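Step one of this worksheet: look at the structure below.
When reading the values below, keep in mind they use all heavy atoms of this one structure, side chains included, and skip hydrogens, waters and symmetry mates. Numbered from 1 within each chain, the chains take letters A, B, ... in sequence-line order. Because the structure is predicted, anything quoted here is derived from the model rather than measured.
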Protein chains: 2
Amino acid sequence: MKRRQIDAAWTGNAQCQDCGLRELVLFADLDQNDFNLIHLPIEEITCETGTVLYSAGEEGAALFTLRVGLVKLVQYLPDGGQRIVRLLKPGATAGLEASLGQPYEHSAIALRPTRLCRIPRPVIDRLSDETPRLHRQLMQRWHAALREADGRLTDLSTGKAPQRLARLLLQLVEPDATVSLFSREDLGAMLGITTEHASRTVVELKRKNAITELSANRFQCDVSQLRDIGAADS
Amino acid sequence: MKRRQIDAAWTGNAQCQDCGLRELVLFADLDQNDFNLIHLPIEEITCETGTVLYSAGEEGAALFTLRVGLVKLVQYLPDGGQRIVRLLKPGATAGLEASLGQPYEHSAIALRPTRLCRIPRPVIDRLSDETPRLHRQLMQRWHAALREADGRLTDLSTGKAPQRLARLLLQLVEPDATVSLFSREDLGAMLGITTEHASRTVVELKRKNAITELSANRFQCDVSQLRDIGAADS
DNA sequence: CGGCTTCTTGAAGATATTCAAACCCAGTGG
DNA sequence: CCACTGGGTTTGAATATCTTCAAGAAGCCG
């Protein structure tokens, strides 16, 4: 897996006022006066699978809003292994710690081609001082992140491997009942199992026809069967 | 285990300005003017092991700051089992969701005799509107809760049972190298293993003399050995 | 076509679960 | 006082699940 830093992937300055995701993103509540407070460019970044948005321990210089794609937050374990701590979907925020002046706690890596907005910390600081409207949104973000984290524990770290995988798939299905899966290594790091066992488990669900491989790592899901498997292990 | 609701356990109204934990608690940054905004009583509550502070799904009417003791936040699984999502130690905050007007996401239950302050939501709302000083603290709380949650995943849901238990013990040791443990059932719910296996694992650490039972559920810890066990499984 | 990585498969052994039974201990009532 | 009871804990044995190590298959890229 090639890992590129994000320096070269600049797309252009964002037009937040016209953002199609206004409802979703951090600036949902801001008005025109608030936008006038922004004096630093908010970049819109496009990057491909494997791109490292930031690394654990770095100074938190910016915060990211995900527009398209999928991003993993990973923490490295004492023994060198990695554990995926959270998955970010469009509308989610990465690097919230930055808004508190803290270094990043995870490494953020794109799992698919991804588009996101990079909001420099000074912008957050400025807005934070001037408008309370941002606070509500920031808190909501913290809250959402925490729910995600709790859910990861109850959904993806509890029960047998097939249950966990089924629940993960249910979190990832598109409205058309398809899923793009990522590498078996990442799957293992998500579910807390070995790469090999992740592979076996995928095969097992395929054998049961709970999922059907359409093309490389794209699957058609039998949602109701996945729900059965995820709920109680038969 | 008897579970009492907290109605009867009222100790008195808190004197926040004089609070010995000012550094630790939510109101650390407030000044006299801010305190004047508080028009509802902040109760100081004392409760014993097993007391339910609040239950998942209830309207979030207040937020709690833990002064003494230990509190578990549990989420109930689809299959009826419970998983302990977080452990709160003195200085931590329970029920942050309340400050966003959301229902509680967990049930909070005391694992030991506990003292805490109950801050009604209107107080938070009022202060939130009037003083930005509270925001920083609230964010810090969210941040801390999130770190806790992430840590639970990497420390206590990864690796073999003895490793997990060792790491949990290290989180709980007092300065004098002793630990008060809770029930085997709760241990299992923390570590993601069965009650029986939790029991066996405790016995195993006792056999290795990594811990020594002083009295019922009080142990003397060999911290350095626990660290070894927690790091790599031998 | 190599050479590389990722995915899959196999088999042996380690680790955890399940179900059942024994145990301990505190509280109850005869 | 002692037997009885009920909760939580411990133990045992059989089984299920996961890991480990090793090797083969399948893709991908130069």
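- The side chain of B:E196 has C:dC19 as its nearest neighbour among C:dT9, C:dA16, C:dC19.
- Put simply, CG on B:L205 is 16 Å from P on D:dT9, counting in whole angstrom units.
- Neither side chain, A:R184 nor A:S199, offers a donor N or O lying under 3.5 Å from an acceptor on the other.
- Inspection of the B:H143 and B:E148 side chains reveals no N or O donor paired with an N or O acceptor under 3.5 Å.
- Toward the 5′ end of DNA chain D lies the nearest nucleotide of A:A198, the other residue of the pair A:A216 and A:A198 mapping further downstream.
- Straight-line distance from the CG atom of A:L165 to the P atom of D:dC18: 11 Å, rounded to whole Å.
- C:dC25 atom P lies 14 Å from atom CZ of B:R184, rounded to whole Å.
- Evaluation of atom-type donor-acceptor distances gives a pair under 3.5 Å for the side chain of A:R200 against the base of D:dT20.
- Residue B:T194 places at least one side-chain N or O under 4.0 Å from the OP1 or OP2 atom of C:dT17.
- When side chains are defined from C-beta on, B:I211 does not count as touching B:Q220, because their heavy atoms never get closer than 4.5 Å.
- The only option from A:L53, A:I109, A:T51, A:L111 that meets the side-chain contact (heavy atoms from CB on, under 4.5 Å) definition with A:V71 turns out to be A:L53.
- Put simply, CG on B:L187 is 13 Å from P on C:dT17, counting in whole angstrom units.
- If you check D:dT19, C:dT17, D:dT10 against the side chain of B:H197, the one that comes closest is C:dT17.
- Judged purely by atom type and a 3.5 angstrom limit, A:R115 has no side-chain atom pairing as donor or acceptor with the backbone of A:V68.
- Comparing B:V203 and A:T201 by the nucleotide of DNA chain D that holds the closest heavy atom to each, the one mapping nearer the 5' end is B:V203.
- Here B:S199 does not reach the OP1 or OP2 of D:dT9: none of its side-chain N or O atoms lies under 4.0 Å away.
- For the pair B:R207 CZ and D:dT11 P, the interatomic distance rounds to 11 Å; values are reported in whole Å.
- Between A:K206 atom NZ and C:dC7 atom P the separation is 11 Å, expressed in whole Å.
- Rounded to an integer number of Å, the gap from NZ of B:K160 to P of C:dA14 is 11 Å.
- Between the CD1 atom of B:I193 and the P atom of D:dT9 there is a distance of 13 Å, given to the nearest Å.
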